[in-house]
Amino acid sequence: MKTFEEGQFDIVVVGAGHAGCEAALAAARLGLNTAMLTLNLDSIAFMACNPSIGGTAKGHLVREIDALGGEMGVNADKTALQIRMLNEGKGEAVQSLRCQCDKNAYHREMKRTLENTPNLHIMQGECAKVLVENGKVNGIETTYGGIFKAKAVILATGVYLNAETVTGEHRQKNGPNGFAPATELTESLINLGFNVRRFKTGTPARLDGRTVKFDACIRQNGEDNVPPFSFLHDAPPSNALECFITYTNGRTHGIILDNLDRSPLYNGDITSAGPRYCPSIETKVVRFADKERHQIFLEPEGADTNEVYVQGMSSSMPHDVQKEMYRSVKGLENCEFMRYAYAIEYDCIDTLDIYPTLEFKKVEGLYTAGQINGTSGYEEAAAQGLIAGINAAFKITGKPPFILGRDEAYIGVLIDDLCTKGTEEPYRMMTSRAEYALNLRQDTADFRLTPKIENTPLLTKERAERFEKRKADYAEVLNVLNGRADFESAAVFGEKYSLTGNMHGATYADLIRRGAKIKDICAHFGILRDKDKSVVKTAETTVKYEGYISKNRAQIERSKKLEEKKLPPDIDYLKIQGLRLEAREKLERVRPLTLGQAGRISGVNPADITVLMVYLAMMKK
């Protein structure tokens, strides 16, 4: 095929899902001439599964993306149908925002943002090959022979590489929602030295809401007294629509068990690794055979459609079995299907092949982000896309790599897990993965991360002004809370709320640490009435957990000593005497950047780190 030049760019982003959108926006906003190539313009920021943003740990990622100048939180606020705070009955460290978005509106708003971003050119087409010269990327080639010259390339291909959907006995070569797959790029990646493997995910059916008996289900309303995702917004989105809860039952489970021989997951048709923490309904019924029922959420797909998303019932069962098992659920007895559930298999890479910057170890200037890296979820993808876009732009402009530590952000935990430990199944972010979760609360994302984008175009004038005001308000609130309460009034307050300890000389912070609620303190003493509620809440949490936070900070300082010890890029681990064979092989495979990262590699123990430290000392001498 004859080739021709499509254009000269600084950065080319392949893919326009949640990773591709953030990567392209970050690069363009940082002043780089950027192109974004997508298989279909109608699939930009497409929500192939649940049209929701956030959730446990995922809400943390969205607020961190926003604090770094990303777009997901802004777009979620614009298009939300319902917003809630999850885990309110638990500690503040695990509380996370989650919103149900309007699927079509989310796509339209993100497309509009991309189209009106300076330095960004969007084109529909399929990438067939990554072009490399002398170990450095220099562009891509499309299936039609178009050449996009570039100094850096970011692959954000989602689940489209050699994608196949599977439903019962039927297998079809296509991506999510019937979109075309990308069939030529995988071969190019293998030729470049990527280790490619096969993962699987799935999605439930969409039902016609007019045929669902919502009155037979449990109503789930949104909340008004929660913050928005974006620090640029003052108030949460309005709760326009409701969600509902129902449950499977013994009859549902019986239908599934009677048809397991027709399930691709159990008859051998699907062999690729699926998501452990978001299993299909047939997997849940088999794995948790002692459970009498499983919770099902009925959630709207949009304000302009009757489609209802049935969260908790993803499946690859044949259509006739799906119809029978769905109709066995209370409220769904007469449901009509608009889209049946399906599983999807796709190619992805082994993330031990990439650095924490998300750059491929074997080709300079080539980055990967999103589900091509073996992750699941829009939020995980967007976080990687943002970091890949920043790092590609920083590399071209001669700035140091942009790497977030595990102590700084959930994004840091996510990427470190991928690049240091790898993943054998679709990776999902969870609060339990973060060892410093209390220091990484979603309400402190801007305090932790916005200073890192100072002196870059990602920190707009509006964001900078809002951040400075929030920071000043927070300092003022802490100052008030550390002030002494009036003794007589404090004594009355203590007796009213059964607080222990002498009230003489007690500060408002002392009252919080003794179990008092900030809203009760403000009402009784008449303080902080004019302050932003979210800032007051953040200050209350900081005071309440001050001791634990200080302990975490001490642990972080100790671990930083290992993080600051850089490892030479050309070190030959296979020749280091004293290292166990497994440690040599794992270190050679991962090629960690620091001693701290080396210590987190599976198969490398503290004794191996000691050997490495001795080796480095000898090399220095």
Side-chain angles (χ1 to χ4, degrees), residues 49-67 72-73 76-77 80-101 218-231 236-237 239 242-245 247 275-279 284 291 294-299 311-312 376-380 382-383 406 409-411 413-414 417 427-448 512 515 517-519 533-546 548-549 552:
C49 207
N50 196 343
S52 69
I53 295 294
T56 304
K58 293 170 176 282
H60 291 71
L61 289 174
V62 179
R63 295 210 103 197
E64 290 179 354
I65 290 165
D66 184 75
M72 176 170 270
D77 286 344
L81 298 172
Q82 185 196 90
I83 188 164
R84 293 184 297 116
M85 184 73 77
L86 303 187
N87 297 328
E88 281 193 295
K90 300 181 181 180
E92 282 80 353
V94 297
Q95 293 177 8
S96 297
L97 280 170
R98 181 189 185 275
C99 77
Q100 197 70 20
C101 288
I218 302 167
R219 192 179 306 275
Q220 191 179 43
N221 296 318
E223 297 175 286
D224 297 322
N225 297 317
V226 296
F229 273 114
S230 178
F231 292 100
N239 291 292
E242 300 162 322
C243 298
F244 296 84
I245 297 174
Y247 294 88
R276 179 191 306 264
Y277 301 104
C278 189
K284 285 191 280 190
K291 292 199 70 170
H294 293 280
Q295 195 172 48
I296 304 299
F297 296 88
L298 304 176
E299 299 169 321
Q311 183 187 336
S376 68
Y378 312 143
E379 301 83 0
E380 290 89 342
R406 298 181 70 89
Y410 270 86
I411 296 175
V413 175
L414 163 68
D417 278 352
Y427 178 102
R428 178 177 179 172
M429 192 71 246
M430 295 180 292
T431 53
S432 60
R433 297 189 190 274
E435 53 268 56
Y436 307 117
L438 194 55
N439 292 55
L440 304 181
R441 304 191 318 269
Q442 62 172 357
D443 58 311
T444 63
D446 58 337
F447 295 152
R448 290 182 278 115
I512 291 171
K517 302 290 186 184
I518 190 72
K519 63 178 182 178
K533 289 182 180 179
S534 68
V535 172
V536 174
K537 177 67 175 173
T538 297
E540 177 191 23
T541 305
T542 300
V543 167
K544 184 178 178 181
Y545 295 106
E546 188 174 27
Y548 295 104
I549 292 171
N552 269 357

### Task
For side chain to side chain contact (heavy atoms under 4.5 Å, CB included), just list the numbers for V226 and I83, CA-CA rounded to whole Å, side-chain angles, deciding distance to a tenth of an Å, and then say yes or no.
CA-CA 8 Å; V226 296; I83 188 164; 4.0 Å; yes

### Task
Output all residues satisfying ring pair (Phe, Tyr, Trp, His ring centres under 6.0 Å) with F229, sequence neighbours left out; order by chain, then residue number.
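F229 satisfies ring pair (Phe, Tyr, Trp, His ring centres under 6.0 Å) with no residue once adjacent residues are dropped.
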
### Task
Dump the intermediate steps for side chain to side chain contact (heavy atoms under 4.5 Å, CB included) on Q220 and F244, then the final yes or no.
CA-CA 5 Å; Q220 191 179 43; F244 296 84; 6.0 Å; no

Checking [X] side chain against [Y] main chain: does a donor-acceptor pair fall under 3.5 Å?
| X | Y | value |
| --- | --- | --- |
| E64 | I411 | yes |
| Q442 | Q95 | yes |
| Q82 | C99 | no |

### Task
Check the pair Y378, C49 against side chain to side chain contact (heavy atoms under 4.5 Å, CB included), reporting the backbone distance first and the verdict last.
CA-CA 9 Å; Y378 312 143; C49 207; 3.6 Å; yes

### Query
Where do I512 and I518 land on the side chain to side chain contact (heavy atoms under 4.5 Å, CB included) test, with the steps shown first?
CA-CA 7 Å; I512 291 171; I518 190 72; 3.8 Å; yes

#### Entry: A539: side chain to side chain contact (heavy atoms under 4.5 Å, CB included) partners, not counting sequence neighbours
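Partners of A539 by the side chain to side chain contact (heavy atoms under 4.5 Å, CB included) criterion, ordered by chain and then number, come out as Y474, V477, L478, L481.
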
### Query
Have D224 and N239 got a donor and an acceptor in their side chains that come within less than 3.5 Å?
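Yes, a side-chain donor-acceptor pair sits under 3.5 Å.
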
### Query
When you check the gap from the basic side-chain N to the acidic O, do R406 and E435 get nearer than 4.0 Å?
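Here R406 pairs with E435 in a salt bridge, since their nearest N and O are under 4.0 Å apart.
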
List the residues meeting salt bridge (charged side-chain N to carboxylate O under 4.0 Å, His left out) with [X], not counting sequence neighbours, and say none if there are none.
| X | result |
| --- | --- |
| R433 | none |
| K537 | E92, E540 |
| E88 | none |
| D446 | R470 |

Heavy-atom check, side chain of [X] versus side chain of [Y], under 4.5 Å:
| X | Y | value |
| --- | --- | --- |
| N439 | I549 | yes |
| S230 | R63 | no |
| Q100 | P51 | yes |
| E299 | N50 | yes |
| V413 | D417 | yes |
| T56 | N87 | yes |
| M72 | I53 | yes |
| K58 | R428 | yes |

Which heavy atom in [X] sits nearest to a heavy atom in [Y], and how many Å separate them?
| X | Y | value |
| --- | --- | --- |
| M85 | P227 | CE-CD, 3.8 Å |
| A67 | A445 | CB-O, 3.5 Å |
| T538 | R441 | O-NH2, 3.6 Å |

### Query
How many angstroms lie between CG in D443 and OG in S534, if you round to the nearest 0.5 Å?
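Taking CG in D443 and OG in S534, the distance rounds to 8.5 Å.
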
